[in-house]
Amino acid sequence: MPLRLYNTLTRQLEEFKPLGGNTVRMYGCGPTVYDYAHIGNYRTFLFQDVLRRYLKYSGYELRHVVNVTDVDDNTIRNSQAAGIALRNYTDKYIDAFQVDRELLSLEQPEFLVRATDHIPEMVKLIQTLVDRGYAYASEGSVYYKVAAFPPYGQLSHTDFSGALAGARVDSDKYDKENARDFVLWKAAKDGEPFWEAPFGRGRPGWHIECSAMSMKYLGETFDIHSGGSDLIFPHHENEIAQSEAATGKLFVKVWMHSEHLIVNGEKMSKSLGNFYTLRDLIHKGFKPSAIRYLLTSVPHRKPLNFTFDGLHQAQQSIDRLRNFKFRLMKEKFPEGETPALQNIAREAAQKFAEALDDNLNTAGALGAIFDMVRDGNTAMDHGDFHAGDGAMFLDTLQRFDRIFAVLGDDDHAKLVKHGFIKQQESGADANAAAGSDAGRSLSDQEIEKLIAERAAARRAGNYARSDEIRANLLKAGVILEDTKAGVRWKRK
RNA sequence: GGCGCGGUAGCCAAGUGGAAAGGCAUCUGCCUGCAAAGCAGACAACCUCGGUUCGAUUCCGAGCCGCGCCUCCA
């Protein structure tokens, strides 16, 4: 089955085929770096990540651009409030964005670009629009003349032929010919950062950034452009107007948008106290992989209601998958193979891909994998699973993880690496430390040592001692399981 | 007002014109030194009203409810 994607522009599910050869050229709207990105932002970025991973899975090469908006009213306001140069201020949040991306296992796009590195391209594009009669200067700023571009409204499917189309626009604020016109270049205000341009000192408007940068790296027409649903209008509508007016060519073939994340049924907002960044959740003790799972498990065209209960459920689900992988790799099975079983694993991989082919139906894809996990576990428990069957199951599991990326069990290592967790100093009495609730985490070696000690106690029939060690480890956030394949431990 | 998205068991959620995936939670049993994990089983759902149809949760119409965008916003 071919990959089919829902295109906001045509409002249809369309079979996907790259415009040029085997390489998919795609652009994703990234964050404005005036603060830490919130989990709603990451819902969109994770959707884009699933998209890029599945395109690769499907055999395509990628040329993927993600932008960072590092100049706008918010970044300027906050940097000035902090008394820090704009560039230095945004650097901090770009670094944080990169850390978050690593925590959430977001793949690096081929190009991560920032707006202020592309001012000349934007100026040139604005000049082209002025030259072609699509833009006009006014009071040192430059505006896009929406009336000059009749297809305006095609993406948001809105008819703007009527006067103001119900928009509440403060038309006194700007010297615009029409309230719908939007700014391409903002005249510099006192004390604000500015760049030189033929139309005067100033800075680019938000929309022109994405047109200039996407076309620079991907060409005048490219395959996929994506972002959150709130960007459909006006941001993406304006990008189309700018780009197509400047080139006379189709700008983007497929537009994809993810629905918003809401929290406990309400819009996430600071005033409601339900506004979460990734680090807020990590500080509450949730694992990045659980957050990734929860945010990717709901197909992107459906609103996602974020709850802590949902995060807990996500964690449990991941554990089920990891447990199965553990059995697969560690348990000893009788020699031989069972073709019927291997077919189950093979068909699961097929169903997995078929679900994702259907506009990235992640929930359906998960169902296929869990079906296989149950069948595999059942066979193992009944003694029907043979040594020769493992590879096929592992292969399907790995296919799954190329998209979902949650089986790695590297949350702890990542959190230590980025300073969210302090590692227990080595050399300390691990058991005492484990029982002391010191707020530090034990190293893998210390945990292994205690497990060995417990194993010895169990062999000696000293269950009081072995249970004490298990309880201490639990207190330190380590869960032990005695399986047929040996002791398995995991961090809570 | 305009334009969208959604309403499936306690929670998350797939899917379908003809016996309604999957995950989490709960209960029982097996397994385990005890747990955990796993297995077996149990419990439990298609917002309402019309229409089309032999048959609708699925298609059409109306309505109700939730969320979003239309102004910076993933």
Side-chain angles (χ1 to χ4, degrees), chain A residues 8 11 28-32 34 37-48 69 72-74 153 156-160 162 164-170 173 179 206 226-235 237 257-262 265-269 293-294 297-307 309-324 326-327 331 351 355 358 361-374 376-382 458 461-464 466-467 470-471 474 479-485 487-490:
Chain A
T8 307
R11 288 180 170 173
C29 284
T32 300
Y34 65 97
H38 56 70
I39 54 173
N41 296 109
Y42 285 115
R43 201 256 165 125
T44 296
F45 302 149
L46 281 163
F47 141 65
Q48 292 166 340
T69 299
D72 77 325
D73 290 346
N74 292 320
S156 52
H157 302 95
T158 310
D159 181 5
F160 289 106
L164 296 183
R168 288 165 286 165
V169 175
D170 182 2
K173 213 166 156 185
W206 176 39
S226 63
S229 62
D230 58 316
L231 296 188
I232 295 171
F233 190 89
H235 186 53
E237 192 76 69
H257 296 95
S258 55
E259 279 300 320
H260 275 198
L261 174 152
I262 55 177
E266 294 178 301
K267 181 176 173 134
M268 182 166 59
S269 74
Y293 183 98
L294 174 61
S297 64
V298 179
H300 66 276
R301 289 241 299 149
K302 196 173 166 165
L304 190 158
N305 187 19
F306 178 91
T307 62
D309 187 45
L311 259 187
H312 178 72
Q313 293 179 13
Q315 184 60 60
Q316 294 302 310
S317 302
I318 292 173
D319 279 343
R320 180 167 170 82
L321 295 166
R322 288 181 180 169
N323 285 334
F324 182 66
F326 178 84
R327 290 189 83 175
E331 214 166 297
K351 285 181 186 164
D358 181 18
N361 182 350
T362 48
L366 284 169
I369 296 303
F370 279 106
D371 273 338
M372 177 191 82
V373 168
R374 189 197 54 246
N377 274 323
T378 301
M380 289 175 186
D381 280 7
H382 293 181
R458 288 185 74 208
N462 185 355
Y463 294 119
S466 83
D467 287 352
R470 185 169 64 192
L474 183 62
I479 298 167
L480 296 193
E481 295 168 9
D482 299 322
T483 74
K484 283 181 194 165
V487 180
R488 172 169 189 228
W489 66 271
K490 61 189 177 191

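Order of the sequence lines sets the chain letters (A, B, ...), proteins ahead of strands, with each chain counted from 1. Please read these numbers as outputs of a predicted model, since none were measured by experiment.
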Please state whether the phosphate of [N], meaning OP1 or OP2, lies under 4.0 angstrom from any side-chain nitrogen or oxygen of [X].
{"X": "Asn74(A)", "N": "C72(B)", "answer": "no"}
{"X": "Lys351(A)", "N": "A21(B)", "answer": "no"}
{"X": "Arg11(A)", "N": "C3(B)", "answer": "no"}
{"X": "Thr378(A)", "N": "A40(B)", "answer": "yes"}
{"X": "Arg43(A)", "N": "A74(B)", "answer": "no"}

Quick one: pull up [atom1] in [X] and [atom2] in [Y] and give me the separation to the nearest 0.5 Å.
{"X": "Leu294(A)", "Y": "Leu46(A)", "atom1": "CG", "atom2": "CG", "result": "10.0 Å"}
{"X": "Arg458(A)", "Y": "Ser466(A)", "atom1": "CZ", "atom2": "OG", "result": "6.0 Å"}
{"X": "Thr44(A)", "Y": "Ile39(A)", "atom1": "OG1", "atom2": "CD1", "result": "11.5 Å"}

Rounded to whole Å, how long is the line connecting atom [atom1] of [X] with atom [atom2] of [N]?
{"X": "Asp230(A)", "N": "C5(B)", "atom1": "CG", "atom2": "P", "result": "16 Å"}
{"X": "Tyr293(A)", "N": "G22(B)", "atom1": "OH", "atom2": "P", "result": "13 Å"}
{"X": "His257(A)", "N": "C67(B)", "atom1": "NE2", "atom2": "P", "result": "23 Å"}
{"X": "Arg301(A)", "N": "G7(B)", "atom1": "CZ", "atom2": "P", "result": "12 Å"}
{"X": "Ile262(A)", "N": "G66(B)", "atom1": "CD1", "atom2": "C1'", "result": "8 Å"}
{"X": "Gln316(A)", "N": "A25(B)", "atom1": "CD", "atom2": "P", "result": "5 Å"}
{"X": "Leu366(A)", "N": "C24(B)", "atom1": "CG", "atom2": "C1'", "result": "13 Å"}
{"X": "Phe233(A)", "N": "C69(B)", "atom1": "CZ", "atom2": "P", "result": "14 Å"}

Considering every strand shown, what is the Watson-Crick or G-U wobble mate of [N] when both distances are under 3.5 Å?
{"N": "C72(B)", "value": "none"}
{"N": "G41(B)", "value": "C27(B)"}
{"N": "A21(B)", "value": "none"}
{"N": "U48(B)", "value": "A62(B)"}
{"N": "G33(B)", "value": "none"}

Gap in Å between the two [atom1] atoms, one belonging to [N] and one to [M], rounded:
{"N": "A9(B)", "M": "A14(B)", "atom1": "C1'", "result": "14 Å"}
{"N": "G15(B)", "M": "G1(B)", "atom1": "C1'", "result": "36 Å"}
{"N": "C3(B)", "M": "A44(B)", "atom1": "C1'", "result": "38 Å"}
{"N": "A45(B)", "M": "G22(B)", "atom1": "P", "result": "15 Å"}
{"N": "U52(B)", "M": "A62(B)", "atom1": "C1'", "result": "15 Å"}
{"N": "G51(B)", "M": "C67(B)", "atom1": "P", "result": "32 Å"}
{"N": "C39(B)", "M": "A25(B)", "atom1": "P", "result": "12 Å"}
{"N": "G63(B)", "M": "U71(B)", "atom1": "P", "result": "26 Å"}

Tabulated below should be each protein N or O lying under 3.5 Å from an N or O of nucleotides 26-35 of chain B; please produce it.
| unit_1 | atom_1 | unit_2 | atom_2 | d |
| --- | --- | --- | --- | --- |
| G33(B) | N7 | Arg458(A) | NH2 | 3.3 |
| G33(B) | O6 | Arg458(A) | NE | 3.2 |
| G33(B) | N1 | Asp467(A) | OD1 | 3.1 |
| G33(B) | N2 | Asp467(A) | OD2 | 2.7 |
| C34(B) | O2 | Arg470(A) | NH2 | 2.5 |
| C34(B) | N3 | Arg470(A) | NH1 | 3.0 |
| C34(B) | N3 | Arg470(A) | NH2 | 3.3 |
| C34(B) | N4 | Asp482(A) | OD2 | 3.1 |
| A35(B) | N6 | Asp482(A) | O | 3.1 |
| A35(B) | N1 | Asp482(A) | N | 3.0 |
| A35(B) | N3 | Arg470(A) | NH1 | 3.0 |

message: Pairing donors with acceptors under 3.5 angstrom, does anything connect the side chains of His38(A) and Asn41(A)?
response: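 On atom types as modelled, these side chains qualify, holding a pair under 3.5 Å.
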task: Keeping the roles fixed (side chain from Glu237(A), backbone from Ser156(A)), state whether a donor-acceptor pair exists under 3.5 Å.
output: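 Side chain of Glu237(A) to backbone of Ser156(A): a pair is present.
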query: Do side-chain atoms of Glu259(A) reach the backbone of Arg301(A) as a donor and acceptor pair under 3.5 angstrom?
result: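 No, the answer is negative, given that no donor and acceptor are paired below the 3.5 Å cut-off.
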Grab the two heavy atoms, one from [X] and one from [Y], that are nearest each other, plus how far apart they are.
{"X": "Leu231(A)", "Y": "Cys29(A)", "answer": "CD1-CB, 3.6 Å"}
{"X": "Phe324(A)", "Y": "Met372(A)", "answer": "CE2-CE, 4.1 Å"}
{"X": "Pro299(A)", "Y": "Ala363(A)", "answer": "CD-CB, 3.9 Å"}
{"X": "Leu261(A)", "Y": "Gly40(A)", "answer": "CB-CA, 4.1 Å"}

query: Partners of His260(A) by ring pair (Phe, Tyr, Trp, His ring centres under 6.0 Å), sequence neighbours excluded?
result: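 With neighbours one apart ignored, the set is empty.
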- request: Answer yes or no: is there an ion pair linking Lys351(A) with Asp371(A), defined by an N-O contact shorter than 4.0 Å?
  value: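 The answer is no: the pair does not qualify as a salt bridge.
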field: Which residue lies more 5' along RNA chain B, comparing Val373(A) with Leu261(A) via nearest heavy atoms
entry: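 The 5'-side residue here is Val373(A).
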query: Nearest nucleotide by nearest heavy atom, which residue falls closer to the 5' end of RNA chain B, Asp309(A) or Phe370(A)?
result: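 That would be Asp309(A).
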- request: Give one of base, sugar-phosphate or nothing for Gly367(A), where a contact means two heavy atoms less than 4.0 Å apart.
  value: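 Result for Gly367(A) = base.
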- prompt: What does His38(A) touch in the nucleic acid at a heavy-atom separation under 4.0 angstrom: a base, only the sugar-phosphate, or nothing?
  reply: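 The answer is base, as His38(A) lies within the cut-off (heavy atoms under 4.0 Å) of a base atom.
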Between protein and nucleic acid, restricted to nucleotides 12-16 of chain B and to nitrogen or oxygen atoms under 3.5 Å apart, what atom pairs and distances do you find?
| unit_1 | atom_1 | unit_2 | atom_2 | d |
| --- | --- | --- | --- | --- |
| A14(B) | OP2 | Lys302(A) | NZ | 2.7 |
| A14(B) | O3' | Asn361(A) | ND2 | 2.6 |
| G15(B) | OP1 | Asn361(A) | ND2 | 2.6 |

message: Checking contacts here: which listed nucleotide (A25(B), U71(B), G38(B)) is nearest the side-chain heavy atoms of Asn377(A)?
response: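 Within the option list, the nearest is G38(B).
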